Asker: 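Below you'll find the structure I mean.
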Amino acid sequence: MRMWFVFRFCCPAAQSNSNPEWEEKVLEYFRGQLKEKESLSWVPSLNDVPLHYLKPNSLVKFRCLVQDMFDPEFYMGVYETVDPSTKTNVLRCGKYKDVTECGVDLNSRNTVTAERQTFYCVPIPGESPWAKEISFLSAARVVPSTSYVPSRQKRSYEEDDDDMDTQPQKQRESHTAQIGGFLTPKPHGNGDSKRQETEAPSSQTTAPSDCSSHLDLNFPLPGERGPACLVKVYEGLDSFKLNDTLEIYGILSVNPVLTVLGEEKDPSSLLLNPSESMESPEEQRAHDPPASLVPRLHMLYARPLQHNNPLLPSAPTEDQSAFVSSFLVEMASVRAELLAYLTHVLLGDGLAAEYLLLHLISNVYTRRDVLPLGKFTLNLSGCPLNSYTERLYQIIQQLVPCSYRLSMSLHTMNSMRLVPKKDYVANRLVSGALQLARNTSLFLDETQLEQGQLDSSGVRNITALGNLISWQKVDYDFSYHQMEFPCNINVLVTSEGRSLLPSDCQVPLQPHVTPPNMEEYLTTIHMAQFTSQMNKFRVYLSLARTLDYSISDEVTKAVEDDFVDMRKDDPQSVTAEDLHRMLVVARLLSLSLGQTTLSRDGWMRAKHIDMLRRSRTEQQKSLNGNEP
């Protein structure tokens with residue numbers, strides 16, 4: 001790795017103390033090089049490359065979510081060692097390392113103690129198989145390291161080299177499986193005797209985790225796979241927050257000294273971190289897991305991710321501006337094609353397809369006091385039972401880069417942990433299913449809810465979902481108090497009747513076709529779409545969320561006049577809440593066409609489809625007189 005050798009050659013300048021500004025110069029060099037487009041192709045990713053293929057102390061990247069932030073820790077930034085042969089003192093650099101070298105002179109006056117913070121980072125929860133696949137195909141190819149062979153690796157190097165030819169196909173097969181024309185996460189049967197150590201448990205319950213019996217990688221969603229990392233952060237601590245999605249570039253550390261899980265630590269190790277003597281065994285296990293399972297990554301540079309769609313430029317650059325400008329020309333035509341596709345998926349219901357499209361591009365763009373502006377939670381009621389909602393989710397999963405389907409069965413609501421909770425014994429934040437990255441599509445399948453009684457845990461989960469929908473926030477459980485964390489999650493609720501959860505908009509589904517075999521019908525529709533066409537839909541949905549939007553004073557005045565006219569005959573017919581919803585719909589309609597300002601025609605179109613929706617809702621209420 002070219003940049004790794006640069007890093008190695010810069011350290012001696014620090015050791016001789018001849019260039020005290022070496023650290024800033026090294027970081028400037030790294031940041032400059034990593035902003036180049038070529039860095040995407042030659043820096044290997046922990047998301048795509050098995051850990052045993054990577055050389056320790058090499059430069060890698062990791063696409064992740066900050067799941068927890070540990071307390072700051074002290075380390076030896078500069079220290080002296082005594083050469084056993086010459087008995088001379090040598091100044092060493094302790095930055096970007098986990099373990100000091102042998103022969104530390106503890107009485108040296110040149111020792112400099114520094115501070116760093118550790119983030120516990122996990123792969124972005126609910127990342128769609130297609131997004132992983134495209135990221136993998138564009139990732140740097142890596143030959144297995146010949147200088148580092150974990151003890152669990154029994155094969156010869158020749159076998160590993162041969163295996164590199166089939167590595168992409170094997171990894172793709174491990175990520176996804178083709179089931180009925182849909183790409184879905186590969187199932188894990190109960191008969192799996194050798195579960196991967198980097199796989200989350202198949203379910204999350206409200207029972208407290210037992211760190212002493214097994215290593216819990218603390219993934220927010222059940223069934224997730226991938227590496228977790230302890231990221232050591234040296235600069236810019238105030239610029240990071242819990243639940244940030246980042247692409248981190250740093251130095252990989254898998255020092256075997258760190259794999260002390262389940263063993264009593266040598267008292268001499270306390271010299272490296274005296275605070276360990278105050279840690280409970282549970283905290284030691286949670287904060288110092290084996291490096292072979294949870295590698296350490298010493299951050300050099302981190303890039304915030306506004307989205308994780310690999311088909312779009314991920315940072316605001318000239319290339320991104322050119323990309324956006326070129327795609328805006330196609331927005332209207334791609335929208336028409338996507339609307340036709342969703343209409344077929346929703347059994348010929350064009351109005352429901354229109355609202356589903358608007359929902360998929362909705363986004364909280366700002367907050368006014370406690371009110372999140374831009375959210376658009378959709379309740380699609382009247383959904384057919386059996387497997388329709390599950391297949392509908394799989395189709396949406398193929399369109400968005402991040403998603404999760406929560407089956408709202410009575411058992412799930414009573415047993416699953418949705419809200420993250422602080423574990424004071426292990427001193428960590430135990431994840432929950434609502435600890436999600438921004439712009440994740442959360443699919444709540446209420447058709448699975450059967451008769452029965454919710455227990456206290458189920459009531460808390462329903463309350464948490466209601467708060468998420470209404471206020472776009474999740475109140476994390478810190479036992480003695482609740483801590484509010486804002487979020488930006490697209491929530492789609494499918495139900496048989498009107499949902500018991502709040503929503504910004506309810507659209508009763510009115511099928512125009514009744515296929516004899518629902519699964520075969522939806523599979524045929526999906527398989528008829530070419531990959532290039534699906535990629536256009538994926539780019540369209542992600543790009544529409546990023547566009548700016550404004551309303552001119554002239555259109556604002558026209559909207560106000562319209563609102564007054566609508567209330568003249570019957571003040572109760574249109575409320576302020578209705579006006580807010582129509583403004584949200586008008587904004588989304590404009591963005592869906594690639595228009596960044598609201599026109600008079602756009603406002604009239606929003607009024608028209610809202611009138612159609614309200615008419616349908618009233619008709620449905622009259623048919624189901626027992627509905628509120």
Side-chain angles (χ1 to χ4, degrees), residues 40 48 126-139 168-169 171-186 307-314 319-320 322-350 352-354 356-361 387-388 390-403 405 439 441 443 492 512-513 515 517-546 591-594:
L40 299 176
D48 306 313
E127 193 167 34
S128 298
W130 67 264
K132 292 180 180 179
E133 179 80 2
I134 294 173
S135 297
F136 174 78
L137 292 175
S138 62
Q169 181 63 27
Q171 284 199 354
R172 285 196 294 272
E173 290 173 356
S174 68
H175 282 313
T176 57
Q178 191 81 15
I179 301 177
F182 296 95
L183 281 172
T184 58
K186 200 167 186 176
H307 62 81
N308 66 311
N309 187 337
L311 296 169
L312 266 71
S314 55
D319 289 340
Q320 186 190 45
F323 179 88
V324 172
S325 299
S326 63
F327 196 85
L328 281 176
V329 179
E330 300 181 68
M331 287 282 280
S333 61
V334 176
R335 182 193 193 278
E337 293 167 359
L338 177 57
L339 185 62
Y341 175 56
L342 293 178
T343 300
H344 287 304
V345 169
L346 294 177
L347 308 177
D349 190 342
E354 184 90 53
L356 178 58
L357 186 151
L358 300 182
H359 160 78
L360 291 174
I361 65 171
S387 63
Y388 176 75
E390 183 178 354
R391 295 306 182 193
L392 175 61
Y393 167 71
Q394 290 174 352
I395 287 173
I396 292 175
Q397 187 183 36
Q398 287 296 303
L399 294 172
V400 299
C402 266
S403 62
R405 173 178 174 259
N439 290 329
S441 291
F443 188 102
L492 173 64
H512 291 256
V513 295
N517 187 321
M518 185 70 72
E519 186 167 339
E520 182 181 339
Y521 170 80
L522 293 176
T523 300
T524 302
I525 292 173
H526 175 70
M527 295 301 292
Q529 302 297 316
F530 294 107
T531 301
S532 58
Q533 188 65 34
M534 292 298 292
N535 285 342
K536 277 189 177 182
F537 294 163
R538 293 159 179 167
V539 170
Y540 168 86
L541 293 174
S542 294
L543 187 60
R545 283 177 172 171
T546 66
L591 295 178
S592 71
L593 291 166

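Worth saying up front: this structure is predicted, and the values here are computed from it rather than measured.
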Asker: So how far is it from Phe443 CZ to Leu392 CG, rounded to the nearest 0.5 Å?
Answerer: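 Nearest 0.5 Å value for the CZ-CG distance: 4.5 Å.
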
Asker: Counting distance only, does the side-chain N/O of Ser403 pair as donor-acceptor with the main-chain N or O of Gln397 below 3.5 Å?
Answerer: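 Not at all, since once roles are kept as given, no pair shorter than 3.5 Å links the two residues.
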
Asker: Keeping the roles fixed (side chain from Ser325, backbone from Ala322), state whether a donor-acceptor pair exists under 3.5 Å.
Answerer: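 No: the side chain of Ser325 does not pair with the backbone of Ala322.
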
Asker: For Pro313, is there any backbone N or O sitting under 3.5 Å from a side-chain donor or acceptor partner on His307?
Answerer: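 Indeed, once roles are kept as given, a pair shorter than 3.5 Å links the two residues.
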
Asker: Between NE2 of His344 and CG of Leu339, what distance do you get to the nearest 0.5 Å?
Answerer: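 Rounded to the nearest 0.5 Å, the NE2-CG separation comes out at 10.0 Å.
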
Asker: I'd like to know if the side chain of Ser542 reaches the main chain of Val539, judged simply by a donor and an acceptor atom lying under 3.5 Å from each other, with no hydrogens or angles considered.
Answerer: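 Flag not set: sc Ser542 to bb Val539 has no pair under 3.5 Å.
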
Asker: So does Lys536 pair up with Glu337, basic N to acidic O under 4.0 Å?
Answerer: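 Salt bridge between Lys536 and Glu337, a charged N being under 4.0 Å from a carboxylate O: no.
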
Asker: Is the side chain of Tyr540 donor-acceptor paired with the backbone N or O of Ser592 at a distance under 3.5 Å, no angle test?
Answerer: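 Side chain of Tyr540 to backbone of Ser592: a pair is present.
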
Asker: Looking only at heavy atoms, what is the nearest atom pair of Trp130 and Val400, with distance?
Answerer: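 Heavy-atom minimum between the residues: NE1-O, 3.1 Å.
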
Asker: What's the verdict on side-chain contact (heavy atoms from CB on, under 4.5 Å) for Leu593 and Met331, showing C-alpha distance, side-chain angles and the deciding distance?
Answerer: CA-CA 6 Å; Leu593 291 166; Met331 287 282 280; over 6 Å; no

Asker: Check the pair Arg538, Gln398 against side-chain hydrogen bond (donor to acceptor under 3.5 Å, both in side chains), reporting the backbone distance first and the verdict last.
Answerer: CA-CA 8 Å; Arg538 293 159 179 167; Gln398 287 296 303; 3.2 Å; yes

Asker: Can you tell me if Arg545 uses its side chain to pair, donor with acceptor, with the backbone of Asn439 under 3.5 Å?
Answerer: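 A pair under 3.5 Å: yes.
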
Asker: What distance separates Tyr393 OH from Ser441 OG, expressed to the nearest 0.5 Å?
Answerer: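 Going from the OH atom of Tyr393 to the OG atom of Ser441 covers 8.5 Å.
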
Asker: More than 12 heavy atoms of other residues, nucleotides or ligands under 6.0 Å from CD of Glu520: yes or no?
Answerer: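 For Glu520, atom CD is not crowded (no more than 12 foreign heavy atoms under 6.0 Å).
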
